[in-house]
Each structure stands twice: as C-alpha cells, then as structure tokens.
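Protein chains get the first letters and strands the later ones, always in sequence-line order, with residue 1 at the start of each.
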Number of protein chains: 2
Amino acid sequence: MTTTLAELVQRRPSRADARRNYDSLIAAARQSFAEMGTEAPLEEIARRADVGIATLYRNFPTRETLVESVYLEEVQAVCNAAAEVAHLEPWEALLAWLRRFVTYVGTKRVLVEGLNRDSNTFKACRLGLYEAGAPLLIRAQDARLVRPDVAIDDVIRLVAGIAGIGSTTEEQRDRILAIALDGLKRAA
Amino acid sequence: MTTTLAELVQRRPSRADARRNYDSLIAAARQSFAEMGTEAPLEEIARRADVGIATLYRNFPTRETLVESVYLEEVQAVCNAAAEVAHLEPWEALLAWLRRFVTYVGTKRVLVEGLNRDSNTFKACRLGLYEAGAPLLIRAQDARLVRPDVAIDDVIRLVAGIAGIGSTTEEQRDRILAIALDGLKRAA
DNA sequence: CATATAAGTGGAGGGTTCCTCCGTTTAATG
DNA sequence: CATTAAACGGAGGAACCCTCCACTTATATG
C-alpha cells in the first residue's frame, strides 16, 4: 500500500538510451525548476535535455510526476543530513537537523510545495523524512528535553510550515523557528 | 510610499456599468479560485462574469492584480475578527484570534499563497493584519503572558506558515498550532 | 431633450504552451 | 546478422494568454 522511498528510486527505464534520456531529463528539470519555478515550460526542459517532447511525456505523464522525481533526490539529501548530526547532544542534534531542514528547504521552492501535497510519492517522501527524524526526536524526548506528547510528523509539519514562509529575511525566519522550537521543549 | 489598506479598496471604476462588471469579475474570480486554484483560466472567469476578456484585462492588467483584489476582501474579514475577540481575557483573546486566523486562512488557498508574496498590495495587507493584531499581542505581553521579545509580524508569519500546511487533518493542525503557541508563552 | 465625448466594451487573432498520435529508429537478444 | 519490442521525435489540434481596435453607452452639458 504505502510505497517506500527506496522503491521509488528504482523506476528508471532499463534500456541504455532510455535511461540516459531519463537522467538527462531530470537534470534539465532540476535546472529549469530552480531558474523558473515548477511552472517552467516542459518543452523547454525537453529541449535542454536534448530530447523530444514525447520522450518527456513518456517518462513523466504529468508535470507532477516530473516534479516528484526531482523532489525525490532532494529529500534524500535532507534525510542523510540526519546521520551527520547524530554525534551531537540530543537537543543539539535535533536542533541542528531542523535548522538545516529549514535552510535547505527554504531555498528550494519545489520542496516547500511538495511537502504539502498528498500524492503517493510525496507521502513516501514524508515517510522517509519521518524515519530519518524520529530517532533524533525520540532521543531528545528520552533525555526529557522535549515534551513527550508530540510525534515526529507534527514536528516536521511545523518546521515545514515555517520553511515555507516567503518574502522574509534570514533573521526573521530564525527568530520564528526559535519560537516554535521553544514550544517543543519540555515544560520544566 | 507604503500604501494602506483603506486606499486600496477604492480602486473601483466610477461609471455604473463598469462598476457592475468589476464586482461581477471579482465574484467570478473568487468562485473560480476557490474551485480551481489561483491558476484558473482567466477566460473562464470572464465567461462566468458574463464579460469580455478585454474587460477583465482592463480592470486587472495581470493575474496577480486580480488575485490581490480578491484577497483584499478576505483579509479584511480576518482583521475585523480582531475586534470580535477584544472582550476576552488577554491571552484568550490573542489565542482566539490566531485560531480563527488559521482556520479561516487554511481554507482559502489564495490567502496562504498571498501572505508570502511581496507585491505592494500584499505588503499593505500584511500591514493591515499587523495593525489589527498588534493590540492583542501587546495586551498579552503587558499582562506578562507572552514573551516580550516577539513582534506581531513574527507571530503572524509563524501562524501563517502553520495555516499553509496542506494535506493534513484539522486535529493535527490544532496540535501543531498549540505547540507553536506554547513557544509564545512567557517562560515562567 | 439632444448630443458630444470620454469611458467602457467585446472578440478576433497572433503567440505560446500543452499533450497525443503515429511513422521511424535503435538497443538488446539469440 | 536478423528480429522485434522498446524507445524515439515532431507535427498538429486544443487551450490559454494577452493586445489591439472598431463599436457601444453612460453621463455631463447646453
């Protein structure tokens, strides 16, 4: 029923030329999305990938599927970041990961939009994030530093919401994040 | 320099037929935006308003201006809500307003998107919200119930971020809002 | 009331993007 | 090689965007 992240990655075509085109399309899409947002013309993407428009549509029947595929690699980067902070103290580790989450996601509009949709792929991505973040949260809760009545998906959603705030400064975002994180702390 | 909310409202045409069309367009747009998002075809909106496409473009040169005009009326409803909670105790009043903010804004995708843009109109709207909300915040701070180091725009942005979280349940949103609001409380 | 005129109107049409269909090309396999 | 299933590219119809301009009408004035 629920697809996992790992399953999704292996949806690339098997024939050599096809796989080359597929990868080329993803690369072109990432570039275009970064430059012009998720509404970038698909024909432009196909052109950049040096591929016919039909090939794009065969691999990604809808714009959504293309967005998702780009998104997939980004989200894994955030997941991996969880491992990099594991050596820190419980609270600092959680904090560092969430901060990185906000900074990273904040610059990638694709991610922000994605985090709030409910297609299968996006659900799988959220699951991946939950798995990566849960240990950090639980460790902090076990150390009695974080209130016990919140789950990892609450935390991610909260932080994702903050990351989505646009047209503001780095400082304000930090300040707002700090407020929210204070709410996470266990009431002494 | 900075336009105020009141100034913006009075941009309606003066001739009777023109004003009728203008209002009709806004109504049609609100309906279409609600049904199909802010990317709804403009020609569809003109059709619903029973008006030529040129009339739409004359009143609203860009899609953005149309979105803004719809947004304007919505945001005033939220501002007015501030008065309705003034009779409550300081903390309850702030809480009630922010809750209403989230519930109301959460159902109107236009608002969520708008809150994060930086056109003149949207800035004016934010200013309006700040004016409406500031008294509530300050009262709660004076009563030493809310930490003194936050400003109204931090609070609004924070809450707007939460309101923007999509594909979730009413309960989760409430829970997340509660966490964030806990962060607002003054550390005892 | 008549009428001048400024303000408003609608829709044709050129440009862009979307997405499907189908005849051609090519990688893989024996 | 030869075969064939898979992959390919691009033409073209449909939807939408936005401008331009010839026509209509509300309103102010004599």
Map every base of DNA chain C to its dot-bracket character, where paired means a Watson-Crick or G-U wobble contact with both distances under 3.5 Å and | marks a partner outside the strand. ||||||||||||||||||||||||||||||
Hey, what are the protein-to-nucleotides 11-15 of chain C N/O distances that come in under 3.5 Å?
none

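As rounded to whole Å, 6 Å separates atom P of C:dA27 from atom CG of A:Asp17. Protein atom CG of A:Leu66 is 14 Å distant from nucleotide atom C1' of C:dC18, rounded to whole Å. If you measure from atom CZ of B:Arg20 to atom C1' of D:dT24, you get 14 Å, rounded to the nearest angstrom. Atom pair B:Asp50:CG and C:dG8:C1' shows a separation of 16 Å (rounding to whole Å applied). Regarding A:Met36, its CE atom lies at a distance of 13 Å from the P atom of C:dT16, rounded to whole Å. Atom pair B:Asn21:CG and D:dT25:P shows a separation of 13 Å (rounding to whole Å applied). Atom OH of A:Tyr57 is separated from atom C1' of C:dC21 by 14 Å (rounded to the nearest Å). Going from atom CD of A:Glu39 over to atom C1' of C:dT16 covers 14 Å, rounded to whole Å.
Using a cutoff of 4.0 Å between basic side-chain nitrogens and carboxylate oxygens, A:Arg175 and B:Asp149 are not scored as salt-bridged. Note on B:Asp182 versus A:Arg147: salt bridge recorded, some NZ/NE/NH1/NH2 to OD/OE distance being below 4.0 Å. Here B:Glu44 pairs with B:Arg48 in a salt bridge; the nearest charged N to carboxylate O distance falls below 4.0 Å.
No N or O donor and acceptor, one from the side chain of A:Arg15 and one from the base of D:dA7, sit under 3.5 Å apart.
No chain of hydrophobic side-chain contacts below 4.5 Å, direct or via other Ile, Leu, Val, Met, Phe, Trp or Tyr residues, connects A:Ile156 to A:Ile138.
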Begin from the C-alpha positions of A:Tyr71 and A:Phe33 and carry the test ring pair (Phe, Tyr, Trp, His ring centres under 6.0 Å) through to its verdict. CA-CA 10 Å; A:Tyr71 177 61; A:Phe33 288 163; over 10 Å; no
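Exactly one of B:Arg15, B:Arg20, B:Arg19 qualifies for a salt bridge (Lys or Arg N to Asp or Glu O under 4.0 Å) with B:Asp17. That residue is B:Arg15.
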